[in-house]
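Here the structure is laid out as structure tokens; the discussion comes afterwards.
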Amino acid sequence: MPELPEVETTRRGLERLIVGRTIANLEIRERRLRWPVGNKVAAELEGRRIGAVERRGKYLLLNMEHGALLIHLGMSGSLRYLASPDAPRRHDHADLCLVGGGCVRFNDPRRFGSLHFAADPARHRLLKNLGPEPLGESFTADYLWASCRGRRVAIKQHLMNGRVVVGAGNIYATEALFRAGIHPRRAAGRISRGRLAILVARLRDVLADAVERGGTTLRNYVGTDGRPGYFKLELDVYDREQMPCKTCGTPIRRIVLGQRATFFCPCCQR
DNA sequence: AAAGACACCTGGGAGC
DNA sequence: TGCTCCCAGGTGTCTT
């Protein structure tokens, strides 16, 4: 579920609550996440102080002096802060317990999420090949244009490729293409530089708007305070098959690209 | 090297 | 009510 805006919303919520706090222990109830959580992870955290909460793509990093706890929320994960933890429920797989009380609880029904300890996060295998941040300075029209040269893959799949740019998941890639007026199936290498410049701008806009609204809640995403995100109200095409385009009234169409549902307006997007 | 298929897993909703 | 089937916000890995 969580794309960049949801992860960023979680990061901001967490930052406020746990920076400067010391970890008492990591209590793991279910080790079978996307990758088995080894004993090493918990052992590395005990007694360590959290210096910062950062985000790289859809990974959250709880930074400590000697490394970072890497958290990915997969498709269905969420983190909640509990000032006075109650009994864990179904799918509450881990608690990061803090000295002085309170914990960060990791819940993930589908278990596609992950927990790793990385002594050197930037060189960790899961992070080292990631492309630029879409809201950062290096994600420019020139960069995207260069990355598209010679590529015959559909622009939507190119945009969702984490080596090209991070954080653009199915919802926001879909929405950015609508805002940019580009057909999701158009070959990446056959889009003019000018139109790619517009796409860069619109992807930034849609992500920034969604962060502003606390992310998108379709099913079970909640922020650290347990509240949903409100960007669903602003979705122009995602999950709107057959409904009228908000610009021209043409029914929104649904196709499948790279085994992912894709929505677009056949009139506005070329 | 690039592109596509598949894998992991549970829950919710539609349809019968 | 209950069963079956399909779908879901991600992404690493394997195969062509």
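Here is the naming used below: chain letters follow the sequence lines, and residue numbers restart at 1 for every chain. The figures here come from the full heavy-atom set of this structure, side chains too, leaving out hydrogens, waters and symmetry mates. Note that this is a predicted model, so its numbers are computed, not measured.
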Base-pairing string, 5' to 3', of DNA chain C - Watson-Crick or wobble, under 3.5 Å, | interstrand: .|||||||.|||||||

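Checking B:dA3, B:dG11, C:dG9 against the side-chain heavy atoms of A:V153 singles out B:dA3 as nearest. Checking C:dG12, B:dA3, C:dG9 against every side-chain atom of A:N170, the shortest atom distance belongs to C:dG9. The A:R111 side chain lies nearest to B:dC9 when the options are C:dA8, C:dG10, B:dC9. If you check B:dC9, B:dG11, C:dG9 against the side chain of A:R90, the one that comes closest is B:dG11. When distances are taken from the side chain of A:E3 to each of C:dG9, C:dG12, B:dG11, the shortest belongs to C:dG9.
The residue A:G169 sits close only to the backbone: its heavy atoms come under 4.0 Å of sugar-phosphate atoms, none of a base.
Proximity of A:Y172 to the phosphate of C:dG9: no side-chain N or O atom is located under 4.0 Å from OP1 or OP2. Contact between the side-chain N/O atoms of A:H91 and the OP1/OP2 oxygens of B:dC9 is not found at any separation under 4.0 Å. OP1 and OP2 of B:dA3 both lie 4.0 Å or more from every side-chain N or O belonging to A:R152. The side chain of A:H72 places no N or O atom within less than 4.0 Å of a non-bridging phosphate oxygen (OP1 or OP2) of C:dG10. Neither OP1 nor OP2 of C:dA8 sits under 4.0 Å from any side-chain N or O of A:Y238. Remark: A:R260 is in phosphate contact with C:dG9, judged by side-chain N or O atoms under 4.0 Å from OP1 or OP2.
Within the 3.5 Å criterion, the main-chain N or O of A:P109 finds no donor-acceptor partner in the side chain of A:R90. Side chain of A:R31 to main chain of A:V37: a donor-acceptor pair is present (N/O by atom type, distance under 3.5 Å, no hydrogens or angles). Distance alone, capped at 3.5 Å, places no donor-acceptor pair between the A:R48 side chain and the A:N63 backbone.
Sorted by first and then second residue, the salt bridge (Lys or Arg N to Asp or Glu O under 4.0 Å) pairs involving residues 77-86 of chain A (not counting sequence neighbours) are A:D86-A:R89, A:D86-A:R105.
Atom CD in A:E175 sits about 13 Å away from atom C1' in C:dG9, given to the nearest Å. Rounded to whole angstrom, the span from the CD atom of A:Q259 across to the P atom of B:dA7 amounts to 10 Å. As a whole-Å value, the separation of A:R89 CZ from B:dG11 P is 15 Å. Between the P atom of B:dT10 and the CZ atom of A:R32 lies a distance of 7 Å, rounded to the nearest Å. As rounded to whole Å, 8 Å separates atom P of C:dG12 from atom CZ of A:R163. Atom P of nucleotide C:dT13 and atom CH2 of A:W35 are separated by 6 Å, given to the nearest angstrom. Rounded to a whole Å, the CZ atom of A:F112 is 10 Å from the C1' atom of C:dA8. The CG atom of A:L257 sits 14 Å away from the C1' atom of B:dA5 (whole-angstrom rounding).
At a cut-off of 3.5 angstrom, counting only N and O atoms as typed in the model, there is a donor on one side and an acceptor on the other between the side-chain of A:R110 and the base of C:dA8. Between the side chain of A:R34 and the base of C:dT11 there is at least one donor-acceptor pair of N/O atoms closer than 3.5 Å.
Using a cut-off of 4.0 Å between Lys/Arg side-chain N and Asp/Glu carboxylate O, A:D108 and A:R111 are scored as not salt-bridged. A salt bridge is defined here as a Lys NZ or Arg NE, NH1 or NH2 lying under 4.0 Å from an Asp or Glu carboxylate O, and A:D239 with A:R254 fails to meet this definition.
Just one of A:P266, A:C267, A:C268 meets the side chain to side chain contact (heavy atoms under 4.5 Å, CB included) condition when paired with A:F264; it is A:P266.
On the C1' atoms, C:dG9 is 23 Å away from B:dA3, given to the nearest whole Å.
Using bins of under 30°, 30° to 60° and over 60° for the plane-to-plane angle, the ring pair A:Y59/A:H72 lands in the perpendicular bin.
The shortest heavy-atom contact between A:V237 and A:C265 is CG1-N, 4.4 Å.
Of the two residues contacting DNA chain C, namely A:R254 and A:R125, the nearest-nucleotide position lying further toward the 5' end is that of A:R254.
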